[in-house]
Amino acid sequence: MIDISTLNEPQQQGVLTTEGPVLILAGAGSGKTRVLTHRVAHLIDQGIMPYNIMAITFTNKAAAEMRERIDNIVGYGSDGVWVATFHSSCVRILRRFGERLGYGSNFTIYDTDDTKVLMKEICKYLQIDTKQFKEKTFLNVISAAKNELIGPEEFSRRAGNDYNMSRQAAVYREYQARLRQNNAFDFDDLIMKTVELLRNDAEVASYYQNKFHYIMVDEYQDTNTAQFELVRLLASGRENLCVVGDDDQSIYKFRGANIYNILNFEKHFPNATIIKLEQNYRSTANILNAANSVIANNEGRKEKALWTTEEAGEKIELQQFDSAYEEATYIAMNIASHVKKHECTYKDCAVLYRTNAQSRLIEEKMIFEGIPYKLVGGVNFYSRKEIKDILAYLKTVDNAADDIAVQRIINIPKRGIGATTISKVADYARENNMGFFDALEVSDEIASIGKSAVKLDGFVRMIMDLRDIASKQSISALIEEILLRTDYVAELRAEGTDEAKARIENIDELLSKAVAFEQDHDSDDVTLSMFLEEVALVADIDSYDATDDYVVLMTLHGAKGLEFPRVYMSGMEDGLFPGMGAIYDGGGADSEMEEERRLCYVGITRAMQHLTMTSARQRMVRGETQMSKWSRFVKEIPEELVHGNLWEPKPRDDFSGMISGGEYSVYRGSISGGSHKPKLATTYGSRPTNTSGTKIEKSELDYTVGDRVNHIKFKEGTVLDIIDEGRDYEVTVEFDGVGVKKMFASFAKLKKI
DNA sequence: GTGCCTGCTCACGGG
DNA sequence: GAGCAGGCAC
């Protein structure tokens, strides 16, 4: 028997209610992963075969974590449990049965870049003016349709006489036809086509329905209509479907998530058992209360009240700065000082932001302070040019029908094959209803091509050779052969720039990944398709490893599902978070504003002990300076839960361009801002890069902890703490009748009484 | 066909 | 502020 005595009452119920549809409404930090893993363990304990159990997650990281935790409870034997993401589950199904839809089992998965290239081609072919109608808009429309399981025909029907929609329908039709020709799926296809397969092929449907007796879905609030239908189909019959989610953490509407999947679960499954996990084991009471206060402003939620037995803990710290530059400086210095005092380690800290663009400044300051950090997200490793080039070679070798891949590398490195030649071949292929690569093979038959045919022939022969190598040797050997034959690395080395060096490093990393992939899998059944699939489906967050000691920088979206003792939410400004779109969109249930607020809720609930929110009065956005005020979400937090400078009006009369450094007044109320700003002799820009406590023009203090001091505004108080911030001292004082304030010694001008 | 320059557009989030 | 398309010279 597995031990569930450590679980609370509703958690135990979640584990033990194995039959029928179950909705577990799991508030942030309420131990839902524990419930899921124990539930799987319990099922196995009850004699259910592991291969009859399926658990679906959104990211590989979540899947890996779940598998590991199940392993820890039941020991080995859990291998058979199907733990996978939505996308990789569908790939597995399609690899096996995709031929019934007319796709080869070696299909390619197109990422966002690939689909953009394809769409560009289609617009050219259909003579659509892309200045007027953006490729991206078409792609968004198609993606939205696919997420709602609307195929090209249905889309066309719905378009009716609408001119704009008819054009979109034509593009959609062509787009889908080309994917099919290229033996490729885009991300949305993976789900939609699997649903199509299950709907239209009773044999396949019943195969999986008989395979999966128990199905669990994590992060259910993020599922879209297609994913819901997929799950519904798979669970159909037994209906032992357990979904876990939190409507308050639904933050993926923009990619099609349908919040009604969770809100209407009981309508879809009238006999569903609803279990609420409301005890939070993660955060202090103050943090939890702040989160509750913010999210309470949303309409249309499932009633839910998170509570904790934790003590209040520290108040939430608010810090507003003149610029994003100072904000980043403060965060970096603050982390450095806490680590130095051994109050936390680097890995305890996470800096969260709304947009990836904000990471640059913070990254800069982390480097400056010598803080080890890890940036999660941003430009995906696999979307770098050099990596995409090599992957395109691999795709060409693996799936000859993938025109996008072939055309990407046909002139990389330069082979003297230009746009004119390529379009001649493409036309020929189209006229003769054949693939691009097939046309290349018979290029001498294309009359207008002339002497370029020789070059094309050389390219074709090289691919043939590579295919031969692929069939006999390992993936890493194939990559090395490609590098050799293309002189790819050699050319970069000749360039000698830092950028070229970085590219070489990336290529080395790709090689290591290939080697690691081969080691992780049985060499007999490892295929190139599998490697390419893993690469295509990897998510940014998958690379995050919580065991290394570094500060994590990521978007609020990326932080979902994670927790950190110390969290910094940066850029808490109206216009940035919530963004302009949400502000103009207004409010009300299901609005963009509510989604932003849920995102804020997600951010707050990542914090275990310490939460700092920062904002900048001015920030460079899209190359222009933008002025902003505190985010409305910050103002939704009750005053008694925060300390800092929330409502401090600050005259904006002192922009000398000089960095005013760590000045952060903690007064609430009026102060004569601006004029009191000290002129520092040393700016951060010239500060030595060591963090070992180099003191620069810092006068010693004549008071110490426990002393009584006098402040110009707050009058008398007792010094509670003095922290050596390196360049200055941060002094914490309890002022009589005013409360606890933190300030920098050089600005506070405290006098010992 | 290639390489460079310029000017234009675009900008949230992600599998 | 960055990335890309288009124009131009070679």
Side-chain angles (χ1 to χ4, degrees), chain A residues 56-63 84-91 109-117 120 123-124 130-132 134-137 140 143 146-147 185-191 219 222-224 226-227 250-257 352-361 376-380 382-383 385 410-423 451-452 455 533-542 554-560 571 573 575-583 585 592 595-596 598-600 602-603 619-626:
Chain A
I56 309 183
T57 61
F58 270 86
T59 64
N60 295 309
K61 182 177 150 52
T85 65
F86 269 104
H87 289 91
S88 58
S89 295
C90 287
V91 170
I109 300 163
Y110 277 180
D111 64 21
T112 335
D113 292 329
D114 299 326
T115 57
K116 236 180 247 166
V117 174
K120 199 173 282 178
C123 287
K124 208 157 126 198
T130 52
K131 284 219 170 69
Q132 211 182 338
K134 300 268 169 295
E135 289 101 329
K136 229 184 122 186
T137 312
N140 286 339
S143 174
K146 287 182 176 179
N147 288 334
F185 293 106
D186 65 16
F187 287 133
D188 304 312
D189 268 348
L190 293 175
I191 317 285
E219 305 281 11
D222 290 331
T223 53
N224 59 38
Q227 287 159 337
S250 163
I251 53 173
Y252 283 106
K253 192 175 158 208
F254 74 92
R255 75 174 193 218
L352 309 181
Y353 36 80
R354 179 66 179 87
T355 66
N356 275 312
Q358 289 164 255
S359 67
R360 226 198 66 230
L361 269 179
V376 179
V379 181
N380 188 314
Y382 293 104
S383 47
K385 184 190 173 297
I410 191 166
N411 201 29
I412 292 177
K414 301 262 177 297
R415 300 187 175 91
I417 303 172
T420 8
T421 311
I422 293 173
S423 75
K451 59 182 190 295
S452 288
K455 298 171 190 163
E533 157 197 330
E534 175 153 314
V535 162
L537 295 181
V538 76
D540 295 323
I541 191 64
D542 297 339
M554 64 171 109
T555 62
L556 287 155
H557 282 90
K560 198 173 65 157
E573 297 140 32
L576 182 64
F577 185 41
M580 274 311 175
I583 290 171
D585 191 48
E592 251 183 73
E595 174 135 328
E596 293 276 293
R598 289 192 291 268
L599 189 55
C600 183
V602 167
R619 176 186 300 277
M620 286 280 266
V621 181
R622 300 176 201 169
E624 55 189 46
T625 303
Q626 191 178 292

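Throughout, protein chains are lettered first and strands after them, A, B, ... in sequence-line order, and every chain is numbered starting at 1.
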Problem - Aromatic-base stack, A:F254 on B:dG14, cutoff 5.5 Å, angle under 30 - result: no
Practice task
Output the single nucleotide from C:dC4, B:dG13, B:dG15 whose closest atom is nearest the side chain of A:H557.
Solution key: B:dG13
Exercise for the section: Look at the side chain of A:N411 and decide which nucleotide, out of B:dG14, B:dT2, B:dG15, has an atom nearest to it. Expected result: B:dT2
Exercise for the section: Test side-chain contact (heavy atoms from CB on, under 4.5 Å) on A:Y353 and A:L556 and set out the steps. Expected result: CA-CA 6 Å; A:Y353 36 80; A:L556 287 155; over 6 Å; no
Send over the distance from [X] [atom1] to [N] [atom2], rounded to a whole Å.
X	N	atom1	atom2	answer
A:E135	B:dT9	CD	C1'	12 Å
A:N224	B:dG14	CG	P	17 Å
A:F86	B:dG14	CZ	C1'	15 Å
A:I412	B:dT2	CD1	P	11 Å
A:K134	B:dT9	NZ	P	8 Å
A:N140	B:dC10	CG	C1'	14 Å
A:I109	B:dG14	CD1	C1'	15 Å
A:K455	B:dG1	NZ	C1'	8 Å

Practice task
Indicate the ring-plane relationship of A:H557 and A:F254, choosing parallel, tilted or perpendicular according to the 30° and 60° boundaries.
Solution key: perpendicular
Less than 4.0 angstrom between a side-chain N/O of [X] and OP1 or OP2 of [N], yes or no?
X	N	result
A:N356	B:dG14	yes
A:T555	B:dG14	yes
A:N60	B:dG15	no

Handout entry: Min side-chain heavy-atom separation A:E219-A:T57 under 4.5 Å
Key = no
Practice task
Check whether any side-chain heavy atom of A:Q358 sits under 4.5 Å from a side-chain heavy atom of A:L576, and report yes or no.
Solution key: yes
Handout entry: Residue whose nearest DNA chain B nucleotide is more 5′ - A:T421 or A:F187
Key = A:T421
Practice task
Could you say whether A:R415 or A:A536 is positioned toward the 5' end of DNA chain B, judged by the nucleotide with the nearest heavy atom to each?
Solution key: A:R415
Exercise for the section: Could you tell me whether the side chain of A:D188 has a donor or acceptor atom within less than 3.5 Å of a complementary atom in the base of B:dG15? Expected result: yes
Completion exercise
Heavy atoms of A:K146 and A:A226 approach each other most closely as O-CB, 3.9 Å
Using a 4.0 Å heavy-atom cut-off across all strands, classify [X] as base, sugar-phosphate, or nothing.
X	result
A:F577	nothing
A:T85	nothing
A:K136	sugar-phosphate

